[in-house]
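Take a look at the structure set out below.
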Amino acid sequence: MKKMFFFIMMIQLLSCNSAKNDNVVPSSLRSTESAILEDSNSLHQAFVYQGVLPCADCSGIETTLKIYQGDGTMESHTFELVSIYKGKKPEKKWIKKGTYNLERGLEDDPDGTIYILNWDKPETEQIYYGHYSKNPDKIYLLNNKRQIIKSELNYSLILRK
């Protein structure tokens with residue numbers, strides 16, 4: 001009897017989640033639906049990008065950026081940025097949370113996307129990430145002019161699948 005109850009509950013949960021994905025995920029990001037995760041602390045779905053960014057005085061900054069889609073309202077567009085400075089004793093871990101806004105257009109790609117983290121704060125506290133429309137699986141840390149940082153070093157994060 002317990003197995004049957006568990007099976008029925010799983011079917012209901014899966015059917016609810018698939019309907020919710022159709023309503024929340026923008027059509028331009030349908031190819032990355034498998035990368036959408038549900039956070040245990042929130043009912044909002046998130047795109048999770050990870051990678052190691054360059055660091056001037058450590059071996060690298062292990063970075064995880066979660067972009068929560070929310071319910072489509074500006075208030076529900078939230079992010080969590082976790083940065084761990086590797087090679088430091090003790091390792092430093094920074095967690096930033098806030099809201100983001102979107103802009104269209106990244107360099108020569110008018111359909112690219114720019115995420116403005118902390119868009120409602122002073123410009124000195126804003127962080128910019130962006131991706132090209134043809135490759136939303138790779139997001140770049142941008143400079144304060146909203147441009148990809150030109151360097152031989154890797155300033156990108158990859159969408160976790």
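Because the structure is a prediction, the values reported are computed rather than measured.
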Minimum side-chain heavy-atom gap [X]-[Y] below 4.5 Å:
| X | Y | value |
| --- | --- | --- |
| Trp119 | Leu102 | no |
| Thr113 | Arg104 | yes |
| Ile67 | Leu117 | yes |
| Gln147 | Glu107 | yes |
| Tyr132 | Ile148 | yes |
| His131 | Tyr115 | yes |
| Thr99 | His77 | no |
| Leu142 | Leu106 | yes |

Single-linkage hydrophobic cluster, 4.5 Å side-chain cutoff, [X] and [Y] together:
| X | Y | value |
| --- | --- | --- |
| Leu159 | Val52 | no |
| Tyr129 | Ile84 | no |
| Ile95 | Tyr49 | no |

Approximate separation, where rounding is to 0.5 Å, of [X] [atom1] and [Y] [atom2]:
| X | Y | atom1 | atom2 | answer |
| --- | --- | --- | --- | --- |
| Glu91 | Lys89 | CD | NZ | 7.0 Å |
| Leu53 | Tyr140 | CG | OH | 12.5 Å |
| Ile127 | Leu141 | CD1 | CG | 8.0 Å |
| Leu81 | Asn118 | CG | CG | 9.0 Å |
| Asp120 | Gln126 | CG | CD | 8.5 Å |
| Leu65 | Leu157 | CG | CG | 6.5 Å |

### Message
Suppose we screen for side-chain contact (heavy atoms from CB on, under 4.5 Å). Which residues come up paired with Glu152, at least two apart in sequence or across chains?
### Response
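Partners of Glu152 under the side-chain contact (heavy atoms from CB on, under 4.5 Å) test: none.
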
Smallest separation among heavy atoms of [X] and [Y], with atom names:
| X | Y | result |
| --- | --- | --- |
| Phe47 | Gln69 | CD1-NE2, 2.9 Å |
| Ser76 | Asp71 | OG-OD1, 2.8 Å |
| Ile61 | Ser83 | CG2-CB, 3.7 Å |
| Thr64 | Gln50 | OG1-NE2, 3.4 Å |
| Ile116 | Tyr128 | CG2-CE2, 3.7 Å |

### Summary
Residue pairs passing the disulfide bond (SG atoms under 2.5 Å apart) test with at least one member in residues 53-132, sequence neighbours excluded, are Cys55-Cys58

### Task
Kindly state each residue pair satisfying disulfide bond (SG atoms under 2.5 Å apart) with at least one member in residues 65-146, sequence neighbours excluded.
none

Examine distances only and state if a side-chain atom of [X] and a backbone atom of [Y] form a donor-acceptor pair shorter than 3.5 Å.
| X | Y | result |
| --- | --- | --- |
| Glu80 | Lys97 | no |
| Tyr100 | Tyr68 | yes |
| Asp109 | Ser133 | yes |
| Ser59 | Lys86 | yes |

### Task
Tell me, yes or no, whether the heavy-atom count around Lys150 atom NZ, taken from other residues, nucleotides or ligands under 6.0 Å, exceeds 12.
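For Lys150, atom NZ is crowded (more than 12 foreign heavy atoms under 6.0 Å).
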
### Query
Is Lys88 salt-bridged to Asp57, cutoff N-O under 4.0 Å?
yes

